[in-house]
Amino acid sequence: MAQTAASDLTFEAPDEEVAREIRSALAEWFHHEQRDLPWRRTRDPYAVWISEAMLQQTRVEVVLDYWPRFLRAFPDVHALARATDEAVLEAWSGLGYYRRARALQAAARVIDEEHGGVFPTDHDEVLALPGVGPYTAGAVLSIALDLPEPIVDGNVERVFARLFHLDGVRGSGPLMRAAWSAARYFVAREDDRVPPRVWNQALMELGALVCTPRGPRCGACPVGEWCAGRAAGVADDLPRPKPKRPPVEVRLETYLAERDGRWLVVQRPEEGLMAGMWEFPTVEVDGPGLFPGELPGGLGARLEPAEELTTMRHGITKHRITVSVRRATCADPGSKSARWLEAPEVRELALTGMARKLAERLDAWESGLGA
DNA sequence: AATCCGGGGTT
DNA sequence: AACCCAGGATT
């Protein structure tokens with residue numbers, strides 16, 4: 001390497017020949033070791049885009065369940081553009097970051113109306129789509145269309161931080177700038193036969209399978225001989241962890257009100273946390289912080305809590321939630337944002353994660369069967 | 001630059 | 001339990 005003990009955050013390009021060897025070795029490894037992921041079997045920009053949107057801060061294993069279902073429900077841009085908000089949210093239920101689902105549909109409508117239903121191939125036009133940032137734009141253009149667009153996700157940031165001994169904090173501006181610089185350098189080279197599609201996916205796959213966040217398998221790494229972090233014995237310590245903040249404890253009560261085999265469900269407000277999702281009536285116990293302190297629409301006044309059925313633990317980003325699940329009776333007739341539904345109908349709604357956990361257990365709580 | 005937004009598999 | 005994941009929008 002031309003670089004010695006780089007402790008700063010400047011990416012210095014390796015020698016031409018080294019760069020070629022790195023690219024060649026990683027591509028070769030990728031061809032043998034890559035996972036057989038369904039979205040790697042298509043080059044349809046729309047299908048790739050859906051996969052990338054789902055994969056934002058979401059594990060591959062989770063997306064495996066959702067991607068095929070979503071594509072069956074909305075096979076192309078036009079189908080997604082004319083779908084109802086509710087149908088899209090329902091297909092997204094459980095994936096989290098529900099803003100993504102809204103943005104996805106908004107972007108589909110932009111493509112449908114302004115690009116004739118054809119996914120744009122211009123970088124700036126892709127980047128302008130709602131919910132599409134630098135990573136997703138580069139990912140779709142490189143993976144689907146094989147254009148030389150760089151990408152940096154959590155995997156790529158980590159791989160470059162170790163490979164070039166970039167000593168920075170995970171997700172920080174300086175490290176991200178250095179990683180993007182390295183990504184641009186490698187993907188733009190045309191001195192060999194490694195296509196952008198292969199290079200970008202190989203980088204991420206290396207981060208997922210070998211250059212893992214903790215306990216990297218350096219012995220199995222195809223580019224280990226060029227790795228400055230490994231040579232310095234600090235691969236496992238890069239990138240440096242982001243300073244953590246203590247989680248916020250939240251106590252909630254959720255009410256399961258049943259009437260004639262139907263359960264009371266309510267819809268969350270259109271703005272804010274888990275916007276528009278359905279759940280069982282829920283309030284925060286010790287003063288409103290994460291959730292409202294009382295139920296909307298005067299529902300709380302007509303809802304009579306009864307015995308506790310169970311308690312659950314749940315996490316929402318920085319919040320650690322303890323939920324007391326109580327049986328309840330309610331005289332509320334239902335409304336636009338409050339419905340009485342049978343258990344199977346409840347399970348078809350766009351539920352929050354917490355509500356989905358409970359919905360799976362509703363049958364055990366039908367009256368007469370006990371807890 | 002910091003903060004917010006879900007949920008879950010790994011370790 | 002802590003960590004962090006094929007990030008983007010908002011402030």
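In what follows, every chain begins at residue 1, and chains take the letters A, B, ... in the order their sequences are listed.
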Exercise for the section: Taking only the side-chain nitrogens and oxygens of A/K244, find out if one of them lies under 4.0 Å from OP1 or OP2 of C/dC3. Expected result: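 Yes, A/K244 has a side-chain N/O under 4.0 Å of OP1/OP2 on C/dC3.
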Problem - Under 4.0 angstrom between A/K318 side-chain N/O and B/dC4 OP1 or OP2 - result: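 Indeed, a polar side-chain atom of A/K318 lies that close.
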Handout entry: Aromatic A/Y97 / basic A/R100 pairing, under 6.0 angstrom, 45° off normal
Key =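 Pair A/R100/A/Y97 does not count as cation-pi.
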Practice task
Could you say whether A/R214 or A/G96 is positioned toward the 5' end of DNA chain B, judged by the nucleotide with the nearest heavy atom to each?
Solution key: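 Closest to the 5' end, via its nearest nucleotide, is A/G96.
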Handout entry: 5' precedence on DNA chain B between A/K242 and A/V62 (nearest-nucleotide basis)
Key =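 Residue closer to the 5' terminus by nearest nucleotide: A/K242.
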What is the distance from [atom1] of [X] to [atom2] of [N], rounded to the nearest Å?
X      : N     : atom1 : atom2 : answer
A/M277 : B/dG7 : CE    : P     : 7 Å
A/I321 : B/dG8 : CD1   : C1'   : 14 Å
A/W278 : B/dG6 : CH2   : P     : 18 Å
A/L351 : B/dG6 : CG    : P     : 15 Å
A/R320 : B/dC5 : CZ    : C1'   : 19 Å
A/Y98  : B/dG8 : OH    : P     : 8 Å
A/Y66  : B/dG8 : OH    : C1'   : 10 Å

Identify, with sequence neighbours excluded, every residue that meets side chain to side chain donor-acceptor pair (under 3.5 Å) alongside [X].
X      : result
A/D36  : A/R41
A/T352 : none
A/K242 : none
A/R326 : none

Between [N] and [M], how far apart are the two [atom1] atoms, rounded to whole Å?
N     : M     : atom1 : answer
B/dG8 : C/dA9 : C1'   : 23 Å
C/dC4 : B/dC5 : C1'   : 15 Å
B/dG9 : C/dG8 : C1'   : 23 Å

Problem - Residue closer to the 5' end of DNA chain C, A/T317 versus A/R313 (nearest nucleotide) - result: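 Mapping each residue to its closest nucleotide by heavy atoms, the 5'-most match is A/R313.
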NA contact type, [X], heavy-atom cut-off 4.0 Å: base, sugar-phosphate, or nothing?
X      : answer
A/T352 : sugar-phosphate
A/L95  : base
A/G94  : sugar-phosphate
A/M54  : nothing

Practice task
Please check if the distance between the ring centroids of A/W263 and A/F280 is under 6.0 Å.
Solution key: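 Between A/W263 and A/F280, the centre distance exceeds or equals 6.0 Å.
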Exercise for the section: Kindly state whether the ring of A/F11 and the ring of A/F164 have centres lying under 6.0 angstrom apart. Expected result: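 Close enough - the centres of the two rings lie under 6.0 Å apart.
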Completion exercise
Nucleotide by nucleotide, nucleotides 5-11 of chain C touches protein heavy atoms under 4.0 Å in the pattern (B base, S sugar-phosphate only, - none) BBBBS--
Handout entry: Pair listing, side chain to side chain donor-acceptor pair (under 3.5 Å) test, anchored in residues 113-126 of chain A, at least two apart
Key =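 Qualifying pairs: A/H123-A/E149.
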